[in-house]
Every structure is written in structure tokens, then in C-alpha cells.
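Order of the sequence lines fixes the chain letters, A, B, ..., with proteins taken first and strands second; residue numbering starts at 1 for each chain. Please read all numbers here as calculations on a predicted model, not as lab measurements.
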Amino acid sequence: MMPHLKLTCARVVAAIMLSLLAACAKGPGEPSAEVELSQAIGQVIRQRLAPDPAPLVVTRALLDSQAVPHVEVVVEDQDLTGYLGLLLSRRDNLPGEITHWSAADGSALSFRNGMLIASRGMAGNLLSAAVPAEGLHPGPAHGGARSYQLRSGDFEARSVTLACSLQDLGPVTLEIVDLRYPTRHMQERCETLEEGARAKVVINDYWIDSQPRPRTGPQTDYLARHQPRFVRQSRQWAGPQIGYLRIRDLSR
Amino acid sequence: MTRPPVPRRVSTALRIALGSAAALICASSATLAWGPEITRDTPNPQPGSREAAPRFKPLPPPSLNFYGSAGAIDTPSAEMLQDGTYAASYSWFGGQSRYNLTFQALPWLSASFRYNGIRNLNLFGFSTYYDRGFDVRARLWREGRYLPEVTMGLQDFAGTGVYAAEYFVATKRFSTPALSHRSGPGTLKVSAGLGWGRLGSYGAIGNIGGTRPSFVGGGTGGQLSTDQWFRGDFAPFGSIEWQANERFSLKAEYSSDAYRTETQTSNVFERRSSLNFGAEYQYSNYTRLGAYYLYGSEIGFTAQFQLNPRQPIAPVVVPAAQPVVPRSIWAKTEAQWGQAWTQSQSTAMSYRDQVAEQLKKDGLILEAIDLQGTLAEVRFRNPRYRSSAQAMGRVARVMANYLPASIETFRITPVQSGMGVSTLELRRSDLEALEFDAEATEALMAVAAVTEARPLTENALQSQELYPAFSFSSGPYTRPSYFDPSRPFRIDVGVDLRASYAPAPGWILAGTLRQRLAGNTAKGRASNSVLPHVRTDISSYAQYGTTLENLFVGRHWKPRPNLYARATVGLFETMFGGVSGELLWKPVNSRLALGVEGNYVVQRDFDQRFSFRDYKTFTGHASAYYELDNNYILQLDAGRYLAGDYGGTLSLDRVFNNGWKVGGFFTLTNVSAADFGEGSFDKGIRFTMPLNWMLGQPSRRGFGLTIRPTQRDGGQRVVVPGRLYGSIRASHRASLQDQSARFWE
């Protein structure tokens with residue numbers, strides 16, 4: 001009985017492997033789950049086999065040659081670094097200047113006066129956020145309530161509301177890709193308000209550039225006109241899934 | 001109810017066992033942590049670290065007993081699993097194996113299905129006795145500061161009832177000190193209960209309603225055993241579980257199950273003691289393993305897997321959509337806001353082509369576009385995204401960025417099988433204003449209207465490249481079959497070649513060629529059904545390796561507002577072909593849908609080519625569908641089934657937004673229990689696991705499974721490709737509302 005069973009198992013596994021390899025789809029019709037799964041497995045294998053891309057060496061010369069400003073974003077928990085270019089800068093009915101930055105891999109971040117209000121193209125996206133923006137004041141203008149709408153597993157939004165206090169930690173000089181910037185370090189400490197449970201804490205840090213953005217050069221025309229001072233560097237929480245992001249503005 | 005005290009003898013024994021095991025765990029827990037990271041609250045996280053910030057991941061779920069419900073070893077506790085959890089577990093001791101599947105249907109209600117084998121029972125004509133059973137558990141009240149959690153359970157409450165038992169059980173949790181500074185505090189769970197049936201068979205302390213009818217195997221089963229519930233002797237049972245840290249736990253229990261059938265009627269194992277002991281290890285958030293010493297004579301083990309649809313294996317990542325660029329940024333001149341463009345057909349066509357091109361980047365297909373001076377309607381197909389709301393959000397962005405500035409009203413219409421299913425109507429200025437709103441989703445849904453899809457105007461521009469369309473795919477298939485007494489699980493695998501041809505919107509000609517590569521379904525048992533063999537000739541059909549699985553012509557159309565129609569002719573499935581027609585009434589904003597379907601079918605020959613057997617019949621149903629709260633869908637069908645029997649089917653499914661689906665159904669017809677055979681009537685459970693949940697990339701597909709305890713011929717329906725309800729509902733108001741958070745993603 002057992003040898004027969006083993007033989008059947010082996011044949012079943014061999015057959016599945018064989019047919020997975022044979023999977024393909026053409027035309028506008030929707031392929032079956034089996035075909036989609038096979039294609040996904042194929043993709044993973046190809047990605048595994050592909051050599052790692054050479055790490056990008058960012059120099060001031062390279063940055064100066066870019067048509068749009070860029071930010072460097074580090075996803076702390078995954079130790080991932082990405083570079084996002086400015087795609088759109090605009091206003092809406094709420095206070096603050098919105099900037100939308102995107103990367104070649106399909107991820108994107110949006111900020112209001114330098115405070116993260118949305119992430120896209122990542123797992124567990126920050127769908128939207130209410131931030132303490134006021135006029136064109138860079139970073140949080142005051143303490144108080146903050147709220148996040150976050151993606152959770154069943155395609156639904158979950159809300160996190162925090163109460164924040166703002167603290168000025170004094171002047172700090174930053175060095176970003178060969179250039180030094182005098183900044184002021186502001187820290188926002190936020191806590192959950194659930195009764196009974198231990199308070200959860202989020203700490204966002206902002207380094208506000210003490211000097212206005214230079215008004216020359218191709219990278220800065222729009223931002224320079226609209227936002228005289230800005231967040232040069234920050235470390236902000238983007239939700240339980242993404243964790244903390246470290247963001248540096250690489251423009252001059 | 002009074003809580004029965006745990007006998008003194010037991011508590012002394014437990015103390016000794018726990019004491020020595022605690023020392024063992026203390027010694028080992030500091031060094032042993034084998035397996036992936038487990039989500040637990042860190043004792044003292046550093047402010048500013050991810051651990052200190054709010055977290056959504058739930059804590060590891062309660063441990064399961066040998067019956068797959070929350071509990072100790074062979075006895076239950078009062079705990080519930082997390083809402084929506086699927087728990088699959090396997091347990092084995094003394095030649096008895098149990099495969100359990102539990103679904104936590106509501107926060108206070110769970111249901112289990114079990115397949116079990118008792119080796120060397122040597123009763124009812126079987127050496128190994130296989131049986132299936134259902135359990136249901138309901139929490140009566142939650143744990144309070146002083147009050148314990150209390151649950152009532154019915155175990156194996158229908159069918160032949162080899163494991164039939166009923167119980168009330170109470171559980172109280174206590175916090176215990178942390179074993180090391182790195183681990184969090186432990187938990188001690190103390191449970192005590194009163195059981196009837198199996199759980200009242202040892203150490204009974206009382207009796208209600210006299211003698212309980214005893215278990216007789218080999219009957220047809222399938223009837224609710226209401227005459228037995230909470231009847232006969234009742235006995236106390238109790239357990240204690242100490243979760244020392246996030247990985248290790250120890251269990252001990254006093255079982256009131258005498259195992260009479262196994263130890264007295266037959267000789268499966270020897271029951272020397274009522275005390276069971278065990279140790280469990282949480283390997284990952286999903287997986288838990290346990291080893292035990294039971295009834296003073298047997299070694300046992302369990303493997304427990306708990307999946308929660310809300311916790312995807314890989315969360316779906318979709319590349320960011322293009323941001324809406326407000327017209328105020330790019331339309332600076334008055335000419336740009338004018339409607340002169342409406343005069344030129346070629347300009348309109350260039351807009352159509354631009355929109356089609358952009359939609360393609362998002363994996364969507366433009367069917368038609370209707371451009372008027374201030375209004376535009378886009379009809380599109382969505383082969384990519386599970387949620388219609390997400391596809392609509394992407395279409396809206398493309399429209400906002402590529403259509404002339406004068407257009408203020410957007411109408412977005414998903415198309416399914418050539419039919420416009422619903423229309424989301426939006427103002428473009430709302431779209432521009434709300435993308436970065438603090439509550440972008442809520443704000444947008446408040447100003448969007450979901451309406452009936454209207455017929456397109458004559459001026460609408462159809463996509464040029466869509467019809468006729470030819471599609472082809474090849475890929476693996478699997479066909480499992482369950483619960484044959486000689487081999488509980490059989491499977492065939494092979495390759496399907498599918499091709500379809502769509503000459504015009506709503507029309508389809510499709511077929512599937514199937515080649516089996518391996519499998520053992522052909523060795524299944526022959527049918528002993530006294531009804532026409534409409535479903536039980538599985539093994540006869542499985543004798544052929546190269547088959548034509550289906551070949552049909554179908555048409556979908558919308559004869560009137562809110563009314564959808566389907567007509568299909570051909571070979572529908574492995575066993576039947578014929579003609580089929582269906583009408584569905586489903587207003588966009590209604591939770592209720594009504595449908596009627598009629599089929600005249602002929603049974604296909606076993607070789608599954610173009611010939612037929614002699615059996616012909618009419619089968620058809622009137623159906624009512626209702627969307628309840630919390631994503632439950634209730635469906636009631638009444639009509640004539642394949643074997644010519646009349647009756648009705650009641651089904652209840654829970655459909656998660658991410659595509660997970662779980663449900664159950666039963667069918668009662670005018671076929672008697674004796675004629676129906678084993679199981680007495682048709683019933684089963686079904687679930688679907690979506691690909692996007694496993695792969696983390698957008699997909700509309702999933703793997704579905706329907707498990708019937710026994711496959712018989714009564715209460716069976718024909719499978720017709722392209723049934724209406726599921727695909728229509730997905731783009732209607734309730735579903736769009738549920739998935740609204742996807743709109744901006």
C-alpha cells in the first residue's frame with residue numbers, strides 16, 4: 001500500500017511542477033487562479049536568479065544633474081533605501097503645501113508642510129492623515145490631535161488617533177551629501193488615548209532648515225516660490241506595517 | 001450554572017507536574033527560541049521604536065484541543081478564537097487521528113468540521129472507523145474582572161455522533177510573572193466545565209432526563225441529534241494551562257471522557273487515568289505544536305495552524321497611481337476651459353486613445369468612452385483588482401489628468417461580461433479637492449453617487465481593439481475528492497488548455513481541454529445510490545485522462561434597468577450539458593436580489609467528449625440573495641434539482657473584502673433519508689482563499705474548495721459557467737462601500 005501511495009504522491013507533485021512550468025496566458029480573458037499562481041512563482045524565481053542591482057552612489061554632481069528635487073527615504077525596519085523625485089506640488093482647501101514624491105519602483109509619499117500624509121505602493125499604506133499644519137510653517141505648527149487612516153489586512157481602513165506635544169530641541173547642523181545645513185530640531189511626541197491599555201507612543205522628529213531654499217537652479221523654482229523654509233530631514237512614523245521612515249531632502 | 005470544583009487529588013498532581021515543568025521552562029526559555037518572530041507586546045519598548053507605536057497585528061491566538069476548538073488537550077475551554085480565524089489542526093493519540101477545521105464565524109460563535117479515523121476499532125464492518133462531524137460553540141458571556149468567560153458547546157451534534165458531547169465551560173485567565181526580563185508576563189488559564197454525552201461518561205455527578213441513546217455507528221446519520229443534547233449523565237472536567245512566555249506552554253487536565261466505545265466495546269487503547277499532560281510550542285504566529293501524555297498510557301501530538309483573513313501572508317502592494325493634477329495647475333487659458341474640442345471627432349478619438357493607453361498601465365481595459373461638453377463616461381473592464389472601488393479610483397485619476405478641463409462630471413462604469421454593472425458618479429472638482437484630505441476616503445464617498453449603469457449614448461466611442469477578442473491560457477488543475485472509506489483523500493492533477501472567443505460585447509464562445517497527468521480518483525468506490533447517478537459516478541468519469549471539460553456559447557445582457565440576463569448552450573461541466581437561462585434582478589443600491597434560472601440538461605458520457613447518456617432532466621431554481629451586515633450573504637434557492645427532487649437550499653457565506661470567503665449550506669428535498677443514503681441530506685462547507693492574500697499582488701482570482709461530508713445524488717445542482725450574482729454584486733453599492741478605502745490606493 002505504502003509504495004503505491006508514495007508513487008502517486010511523487011507523480012502528483014511531478015505533474016503539478018510540470019504543469020506550473022507550462023502555464024501561460026494570452027489575450028484579454030482573465031486567466032485562472034492556477035495560471036496566475038504559476039506566473040507569480042515564475043516571477044519570483046526570475047527575481048531570485050537576477051543579480052542584485054549595483055548600489056547607487058549618490059554624489060552632489062549626480063543630484064545637481066537631476067531635473068527635479070529628490071528625497072532619500074530609509075525604511076528603518078527593512079533597512080531599505082529609496083530615492084523619490086518630486087512629481088507634484090500643490091495646495092488644497094486645507095492649510096499647507098502638499099508635495100508628492102514618487103520612485104521608479106511604484107512607491108510614493110505625500111507630505112503637507114513636510115509632514116507625511118500618505119504613502120502609496122507599500123504594504124500597509126498610510127491612506128490619509130490629519131496633521132497640525134498652519135500656513136506655510138514647516139513641520140508641525142503646534143501640538144494637539146493627530147490622526148492616521150491606515151490600511152489593514154482586509155482591505156479596510158483603520159484609524160489611529162494620537163495626542164501630541166511639540167518640543168524644540170535646539171539647533172543642529174546636518175551634513176547631507178557634502179553640504180552642511182543649519183537646522184532646528186523639533187520633536188513631536190504623540191500618545192494614544194485608549195483607556196486602560198498602556199499608552200502607545202509615536203515620536204516624529206523634524207529638522208527644519210534655518211535658511212530659505214535658494215531661489216536659483218532648476219530644482220527649486222516651484223518649491224522656492226511657495227515654501228520659503230522647509231523640513232530638511234525628518235524621521236516619521238508611517239503606520240504599524242511600514243514603521244518609521246527617515247527622510248532627507250537632497251536638494252541644495 | 002455552578003462551577004464544579006476540581007477534585008483535590010487532581011490539583012495536587014497538577015501542582016507537582018507544573019512545578020517540575022516550570023523549572024524546565026525557566027531553564028530552557030532563555031536559550032531556546034526556535035522559529036520566526038512572534039507578534040507580542042514587548043515588555044518595555046523604547047519610545048520612538050516601532051514596538052512602542054500602535055500595532056494592528058493581533059496576539060497569537062488561543063491554543064486548540066484535540067477537537068480543534070480552543071481548549072486544553074481532550075477537553076474544551078471557554079475561549080474563542082479571533083473573529084474570522086480559520087483553524088486547521090491535526091491531532092493523534094492511541095491510533096485515533098482527527099483532522100479539524102474550525103471557523104470563528106462571529107466574535108462569539110464558532111463552527112468546526114472534523115474528519116476522524118479510529119484505527120483498530122473493528123466495529124460496524126470497518127477496521128479503521130472513519131467519520132465526519134460538526135461542532136458549534138457559542139460564548140455566553142465574556143470574561144470580566146471577576147467573572148470567567150463562559151461558553152456552551154455542542155460537539156458532533158449531527159450525524160452518527162461518535163464524539164457527541166455537550167458542555168458548559170468557564171475559563172478565567174490570570175497573569176503570571178515574567179520568567180526573564182526579556183519575555184513578557186505569562187498567563188495562567190483555569191477552566192472548569194460540566195459535560196454530557198462523551199464528556200459525561202466518566203465520574204458522573206448527576207443525571208438529566210434518564211438514559212441517553214448510545215452511539216450506533218454505520219447508520220446514515222445526518223440528522224440533528226436533538227433527542228440527545230444535554231441528556232443523561234453529566235460529569236465535571238477541568239484544565240489548567242500555563243503560557244510561560246510567548247513560545248512555551250504547559251497543559252494539564254482532568255478528562256471526563258470514559259472512551260467507552262474505544263476501550264470497552266473495542267480495544268483501541270487502554271484508559272488508565274483521567275489525567276492528561278502536555279507541552280506546546282508556538283513556532284510562529286500561525287503554527288503551534290504540542291506533545292502529550294494521555295489517559296495514563298498513550299503519547300499524543302497536535303499540529304495547529306490558525307489563519308486569519310485579516311492577516312495576509314503577504315499584504316497586497318499595488319504601484320502608486322498617478323496623483324490628480326488639479327486643472328488650476330495646467331489649464332491657465334480660457335481656451336483650455338472651452339468646449340471647442342467637442343466639434344472634432346478626431347480630437348475625441350485622441351482623448352479616447354490616451355485614456356485607453358493610461359488605463360492599460362493600470363491593468364484596466366477601456367471598453368467605451370462617452371465625451372460630452374461637461375460630462376464624460378468611461379466604461380472599462382477590470383481583470384486586475386479585487387476591489388471594484390480601487391479600479392474605479394484609478395479610472396477617475398486617469399480621467400482627471402487626461403480629459404479636457406471643461407468636463408466636470410465623471411461617470412465611471414465597470415463592465416462585466418459586456419454589461420455595465422453600476423456607475424460611480426463624481427464631480428471632478430471633488431476629486432481634485434479631496435485626494436489629500438485628512439479623511440480622503442470618507443469625504444469622497446460622501447460626495448459620490450452610485451447609480452444604475454445607463455445605456456451608452458449613440459455618440460459613445462467604442463474601443464477599436466477589443467472585439468473580436470481571442471484569449472488562450474494553459475495551466476494546471478487539481479480535482480480533489482474526499483472521504484472514501486478506503487482512502488479519505490484522492491486527487492487528480494493535470495493541465496487545462498482554455499480558449500475563448502468574444503465576437504462582441506456580452507458574447508463568449510469558450511472551451512477547456514483537460515489532460516490528466518496523475519491521480520487516483522479513478523480508483524474511487526462505485527456508486528451505490530438508488531437515485532439517478534447525477535453526481536456519484538465520479539470514478540467512472542475519472543477513468544478517462546483526456547477530456548473536454550467544457551465547451552459553450554454564452555451571452556450576457558441587460559434587458560431592462562436593474563435586470564441582468566444570461567443564456568448558455570453547450571457542455572457546461574464534466575457531467576452535464578444542455579441549455580441554461582438566468583434572470584437576475586439586482587438594483588444597485590439594494591441589499592436584496594432575486595433570481596430565476598432554468599436548465600434543461602443531459603448527462604454527458606463518461607468519456608467527456610461529445611456524446612451523452614440517457615439521463616435528461618429539467619432543473620431550475622428561484623433564488624433570493626440578501627446582503628446582511630458584517631459581509632454576510634444569505635442565499636435561499638428553491639426548485640428542482642438534478643435527480644428530479646424538489647426542495648430548497650439555504651446557504652450563508654461570509655465574504656471578506658480581500659476575497660476570503662467561507663460559508664456553509666444545506667439542502668432539503670423530497671428524497672427520503674433512506675433513499676439519499678449516508679448523510680441523509682446534502683450539506684457542506686466551502687471556502688475561497690484569494691490569490692492576492694497569498695501573493696501580495698493584485699489579483700481577482702482565488703482557490704475555492706467545497707467539502708461535503710458525503711457526495712450523494714440528492715439536492716445537486718448543475719454547474720453553469722458565468723452565473724450572474726457574484727460578479728454583479730461586486731460592483732454594487734454595498735460592496736463599493738465596504739471597499740471604499742481602496743479608492744485612493
Side-chain angles (χ1 to χ4, degrees), chain A residues 8 11-12 15-16 18-20 22-38 40 77 87-88 90 92-93 98 100 102 106-108 110 117-118 120-125 127-130 149 152-158 160 192 200-203 237 240-241 243-244, chain B residues 47-48 50 52-57 309-312 315 317-321 323 325-326 329 365 383 387 433 436-441 466 469-477 491 493-495 498 500 517-520 656-658 691 695-697 699-703 739 741-742 744-745:
Chain A
T8 309
R11 284 181 60 185
V12 165
I16 289 175
L18 195 71
S19 46
L20 277 174
C24 72
K26 292 216 161 52
E30 289 185 41
S32 70
E34 287 85 355
V35 173
E36 282 197 9
L37 180 64
S38 320
D77 282 314
L87 199 61
L88 178 71
R90 58 167 289 204
D92 60 7
N93 301 330
I98 299 159
H100 180 86
S102 75
S107 52
S110 309
I117 52 168
R120 293 292 182 267
M122 301 164 103
N125 277 327
L127 297 174
S128 61
Q149 298 293 322
S152 80
D154 187 26
F155 287 8
E156 58 202 353
R158 284 180 71 172
V160 170
T192 50
K200 302 284 185 182
V201 182
V202 167
I203 293 180
W237 187 65
Q241 185 108 34
Y244 280 92
Chain B
R50 188 187 185 186
R55 302 188 86 168
F56 290 161
K57 282 203 169 184
R310 292 205 168 88
Q311 298 295 317
V317 176
V318 188
V325 182
I329 290 182
I365 301 168
S387 66
F436 297 104
D437 191 90
E439 308 265 351
T441 304
L466 280 190
F470 180 77
S471 297
F472 169 85
S473 73
S474 78
Y477 80 89
I491 191 165
V493 300
V495 183
R498 293 190 188 85
S500 69
L517 297 176
N520 54 4
F656 289 85
N657 292 332
N658 60 17
L691 268 181
L695 299 178
Q697 60 189 44
S699 164
R700 292 168 55 79
R701 295 290 170 167
F703 291 103
Q739 313 245 355
R742 294 300 267 176
W744 287 115
E745 255 193 299

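- Both the backbone and the side chain of B/Phe472 come within less than 4.5 Å of a heavy atom of chain A.
- Both the backbone and the side chain of A/Ala157 come within contact range of chain B, with heavy atoms under 4.5 Å apart.
- The candidate from B/Ala440, B/Ser387, B/Pro309, B/Pro383 with the greatest count of non-hydrogen atom pairs under 4.5 Å with chain A is B/Pro383.
- Within the 4.5 Å cutoff, side-chain heavy atoms of A/Arg120 are placed close to those of B/Trp744.
- Top candidate by heavy-atom pairs under 4.5 Å with chain B, chosen from A/Ile117, A/Ile98, A/Asn93, is A/Ile98.
- Nearest heavy-atom pair, A/Ala33 versus B/Leu691, reported as atom, atom and distance to 0.1 Å: O-CD1, 3.5 Å.
- Taking chain A as the reference chain and counting heavy-atom pairs below 4.5 Å, the highest number among B/Arg310, B/Gln739, B/Gln697, B/Glu745 is found for B/Glu745.
- Residues meeting the salt bridge (charged side-chain N to carboxylate O under 4.0 Å, His left out) test with B/Glu439, sequence neighbours left out: none.
- Side-chain atoms of A/Val202 and B/Pro54, non-hydrogen and from C-beta on, do get closer than 4.5 Å to each other.
- Residues A/Leu37 and B/Leu695 share a closest heavy-atom pair of CD1-CD2, 3.9 Å.
- Counting heavy-atom pairs closer than 4.5 Å to chain B, the top-ranked of the candidates A/Gly124, A/Ala118, A/Ala40, A/Ala129 is A/Ala129.
- In terms of the salt bridge (charged side-chain N to carboxylate O under 4.0 Å, His left out) criterion, residue partners of B/Arg700 (sequence neighbours excluded) are, by chain and number, A/Glu30.
- A distance of 11.5 Å separates NZ of A/Lys26 from OG of B/Ser471, quoted to the nearest 0.5 Å.
- Here the CD atom belonging to A/Glu34 is positioned 11.5 Å from the OG atom belonging to B/Ser474, to the nearest 0.5 angstrom.
- Residue with the most contacts toward chain A among B/Ala320, B/Pro319, B/Pro315: B/Ala320 (heavy-atom pairs, distance under 4.5 Å).
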* Any chance you could lay out the side chain to side chain contact (heavy atoms under 4.5 Å, CB included) test for A/His100 and B/Phe436, step after step, and finish with the verdict? => CA-CA 10 Å; A/His100 180 86; B/Phe436 297 104; 4.1 Å; yes

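- In terms of heavy-atom proximity, B/Val317 sits nearest to A/Ala123 at CG2-N, 3.6 Å.
- Between A/Leu88 and B/Val325 there is a side-chain heavy-atom pair separated by less than 4.5 Å.
- With a threshold of 4.5 angstrom between heavy atoms, A/Thr192 approaches chain B through side-chain atoms but not through N, CA, C or O.
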* Asked: Between B/Thr441 and A/Gln149, is a side chain to side chain contact (heavy atoms under 4.5 Å, CB included) present by the stated rule, with each step listed?
  -> CA-CA 9 Å; B/Thr441 304; A/Gln149 298 293 322; over 6 Å; no

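- The shortest non-hydrogen separation linking B/Arg55 to A/Pro240 is CA-CB, 3.8 Å.
- Between the side chain of B/Arg50 and the backbone N or O of A/Trp237 there is no donor-acceptor pair closer than 3.5 Å.
- One distance of note links CZ of A/Phe155 with CZ of B/Arg742; it measures 4.0 Å at 0.5 Å rounding.
- For the options B/Ala469, B/Gly696, B/Pro323, heavy-atom pairs under 4.5 Å to chain A are most numerous at B/Pro323.
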